[in-house]
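Only one structure is covered here, and it is reproduced in the block below.
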Amino acid sequence: MSDTDYTFAVAHIRALEGRLFSQSTIDQLMACRTYEDALNFIEDKGWGGLDVERDADAILAAERNKTWETIRGLSVPMETFDVLSYPNVYHNLKTAIKEAYLGERHDDFFYEGTVPSREELRDVVGKKEFAKLPSGMDTAAQDAFETLLHTRDGQLCDVIIDKACLAAIDKAGTDSEEDVIKRYAETVITVTDIKIAVRCQKTGKSIEFMRRALQPTSGIDTERLAKAAASGFDAILDLLSGTSYVEAADALRESPSSFERWCDDCLMEMLREEKYEVFTVGPLVAYILARENEIKTVGIILSGKLNGLSDDSIRERIRVMYV
């Protein structure tokens with residue numbers, strides 16, 4: 001697809017960006033006294049719909065569907081955006097494997113709208129026809145299934161699938177001709193590796209476990225990261241402080257919630273330069289991720305209001321907005 005083919009799509013997305021929640025809008029949502037007030041606020045902004053249940057989960061799901069309906073209506077190659085769905089696809093694979101192992105069904109644990117679909121994954125895993133899955137996913141699925149069957153170690157099963165997901169994102173970034181996809185892949189993998197290292201340090205995982213879980217990337221030296229995590233929390237902070245991810249160390253010092261917020265904010269910051277693109281797919285990718293960030297932030301606020309969390313506690317979790 002030539003550069004000029006994106007001109008109309010980008011112009012349409014630019015118009016839609018004006019509807020994204022700004023930091024000021026998020027502050028107004030935060031000012032709502034109750035969960036019901038917050039629902040009224042987002043409904044007044046056009047969230048949900050007449051046929052959508054007046055429930056946070058239903059409204060957020062409807063907004064995600066609206067995002068993809070918008071992108072599908074732009075007449076651009078949808079395979080360009082496949083990499084953005086990988087985390088959901090591989091999450092669904094883990095769920096299908098655990099369902100097969102336990103002999104139970106949990107529809108609510110699946111993300112909708114993925115390829116392969118929920119039922120396709122269930123069928124493949126149930127019949128052990130792993131070769132029907134895409135390359136890379138097939139071997140990971142078989143390995144994870146057999147590992148769970150023989151060890152009953154659900155965490156190890158997760159590690160195998162999560163690593164395969166990161167490898168798929170890495171390959172998509174390497175193979176793509178789009179700069180935004182390359183930068184997305186590097187950012188996601190690096191941030192996820194840091195999260196894995198922090199989690200492993202807290203739970204006392206071995207360096208061998210970390211080496212199996214971490215995905216090599218140009219963003220950070222994963223061997224040094226694994227050794228730092230094996231040495232202790234302060235060693236992770238020292239390592240990060242000497243990289244371009246020094247803000248991760250600052251967030252970790254502050255609180256776990258601040259660190260989780262930094263992980264999402266890091267991606268938003270990476271996308272900001274797409275605001276100045278006109279002839280590439282970058283603004284479309286940025287819009288999809290900005291919408292997901294917006295929906296996640298609204299979900300955090302609604303959940304906080306519903307569960308009676310203090311405003312300070314909720315604000316600590318709020319993500320930075322794209323606009």
Side-chain angles (χ1 to χ4, degrees), residues 1 64-65 67-69 71-72 74 76-102 105-107 109-150 153-193 195-196 212-219 222 267 281 284-285 288-289 292:
M1 190 172 188
R64 287 190 173 94
N65 288 336
T67 301
W68 287 106
E69 287 173 6
I71 298 299
R72 282 191 289 269
L74 295 177
V76 297
M78 290 304 294
E79 61 267 20
T80 304
F81 311 104
D82 285 350
V83 65
L84 306 183
S85 71
Y86 287 174
N88 289 356
V89 174
Y90 280 83
H91 166 88
N92 285 356
L93 177 59
K94 286 191 291 187
T95 303
I97 288 172
K98 290 178 181 178
E99 275 192 344
Y101 173 70
L102 295 172
R105 292 171 70 92
H106 297 281
D107 288 349
F109 291 178
F110 286 87
Y111 288 104
E112 297 295 335
T114 61
V115 180
S117 69
R118 174 180 64 194
E119 292 308 323
E120 287 172 332
L121 288 173
R122 279 173 168 163
D123 186 63
V124 164
V125 174
K127 296 178 180 177
K128 301 180 184 179
E129 296 177 341
F130 301 108
K132 290 184 176 181
L133 295 174
S135 177
M137 181 184 284
D138 53 355
T139 54
Q142 183 170 359
D143 186 16
F145 181 81
E146 292 178 354
T147 296
L148 183 60
L149 193 64
H150 295 123
D153 189 337
Q155 188 177 54
L156 187 53
C157 169
D158 288 350
V159 166
I160 294 168
I161 299 299
D162 290 342
K163 177 67 172 291
C165 179
L166 292 178
I169 292 173
D170 185 45
K171 186 177 187 304
T174 300
D175 293 348
S176 178
E177 297 179 358
E178 301 292 345
D179 182 62
V180 66
I181 299 296
K182 293 180 182 297
R183 291 187 291 108
Y184 167 80
E186 180 182 316
T187 302
V188 167
I189 294 169
T190 303
V191 169
T192 303
D193 278 343
K195 290 171 71 172
I196 290 170
R212 183 167 189 175
L214 297 171
Q215 173 65 30
T217 173
S218 58
T222 51
L267 188 58
V281 74
L284 280 63
V285 172
I288 295 169
L289 295 173
E292 181 57 33

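Because the structure is a prediction, the values reported are computed rather than measured.
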**Study point:** More than 12 heavy atoms of other groups within 6.0 Å of Lys171 NZ
**Key:** no
Pairs under 3.5 angstrom only: tabulate donor-acceptor contacts from the side chains of residues 184-191 to other protein residues two or more places apart or in another chain.
| from | atom 1 | to | atom 2 | distance (Å) |
| --- | --- | --- | --- | --- |
| Glu186 | OE1 | Ser218 | OG | 3.2 |
| Thr187 | OG1 | Arg183 | O | 2.8 |
| Thr190 | OG1 | Glu186 | O | 2.8 |

Exercise for review: Would you indicate whether the side-chain heavy atoms of Glu99 and Phe110 approach each other to under 4.5 Å?
Suggested key: yes
Review point. So, do Arg212 and Lys163 sit near enough that their side-chain heavy atoms are less than 4.5 Å apart?
Key: no
Practice item. Specify the closest pair of heavy atoms between Ala172 and Val83, including all atoms of both residues, with the distance to one decimal. Key: CB-CG2, 3.7 Å
Point to revise | Within-4.5 Å side-chain heavy-atom neighbours: Arg118 and Asp107 | key: yes
Side-chain polar contacts of residues 124-138 - donor-acceptor pairs under 3.5 angstrom, sequence neighbours left out - could you list them?
| from | atom 1 | to | atom 2 | distance (Å) |
| --- | --- | --- | --- | --- |
| Lys127 | NZ | Asp123 | OD1 | 3.2 |
| Glu129 | OE1 | Lys132 | NZ | 2.7 |
| Asp138 | OD1 | Gly136 | N | 3.0 |

Point to revise | Side-chain donor/acceptor of Ser176 to backbone N/O of Gly173, under 3.5 Å | key: no
Check your understanding: Among side-chain atoms of Asp193 and Thr222, is any donor-acceptor pair under 3.5 angstrom?
Key -> no
Review point. Between Asp170 and Thr217, is any pair of side-chain heavy atoms under 4.5 Å apart?
Key: no
**Study point:** NZ/NE/NH1/NH2 to OD/OE distance under 4.0 Å, Arg72 and Glu69
**Key:** no
Check your understanding: Going from CG on Leu148 to CG on Leu102, what distance comes out if it is rounded to the nearest 0.5 angstrom?
Key -> 7.5 Å
Check your understanding: Do other residues, nucleotides or ligands put more than 12 heavy atoms under 6.0 Å from Glu177 CD?
Key -> no
Exercise for review: Could you grab the distance from atom OG1 of Thr80 to atom CD1 of Ile181, nearest 0.5 Å is fine?
Suggested key: 7.5 Å
Practice item. Taking all heavy atoms of Pro116 and all of Val89, pick out the closest pair and write down the distance. Key: CD-CG1, 4.0 Å
Practice item. May I have the step-by-step check of side chain to side chain contact (heavy atoms under 4.5 Å, CB included) for Phe81 and Val281, ending in yes or no? Key: CA-CA 9 Å; Phe81 311 104; Val281 74; 3.8 Å; yes
Check your understanding: Is any side-chain heavy atom of Asp162 less than 4.5 Å from a side-chain heavy atom of Lys94?
Key -> yes
Exercise for review: State the CD1-CG distance between Ile71 and Leu284, to the nearest 0.5 angstrom.
Suggested key: 5.0 Å
Exercise for review: Taking all heavy atoms of His106 and all of Arg122, pick out the closest pair and write down the distance.
Suggested key: N-NH2, 3.9 Å
Review point. Looking at CG of Leu289 and CD of Glu292, how far apart are the two atoms once the value is rounded to the nearest 0.5 Å?
Key: 8.0 Å
Exercise for review: Go through the side-chain N and O atoms of Asp143 and Thr139 and say whether any donor and acceptor fall under 3.5 Å apart.
Suggested key: no
Check your understanding: Which value, rounded to the nearest 0.5 Å, describes the distance between Phe145 atom CZ and Ile97 atom CD1?
Key -> 8.0 Å
Check your understanding: Quick one: CD1 on Ile161 to CG on Leu93, what's the gap to the nearest 0.5 Å?
Key -> 4.0 Å
Study note, to complete from the structure: Nearest heavy-atom approach of Ser117 to Glu120 is N-OE1, 2.8 Å
Review point. Using the ring of each side chain (for Trp, its six-membered ring), is Tyr86 parallel, tilted or perpendicular to Tyr90, with breaks at 30° and 60°?
Key: perpendicular
Exercise for review: Compare all side-chain heavy atoms of Leu84 with those of Ile288 and state whether any distance is below 4.5 angstrom.
Suggested key: yes
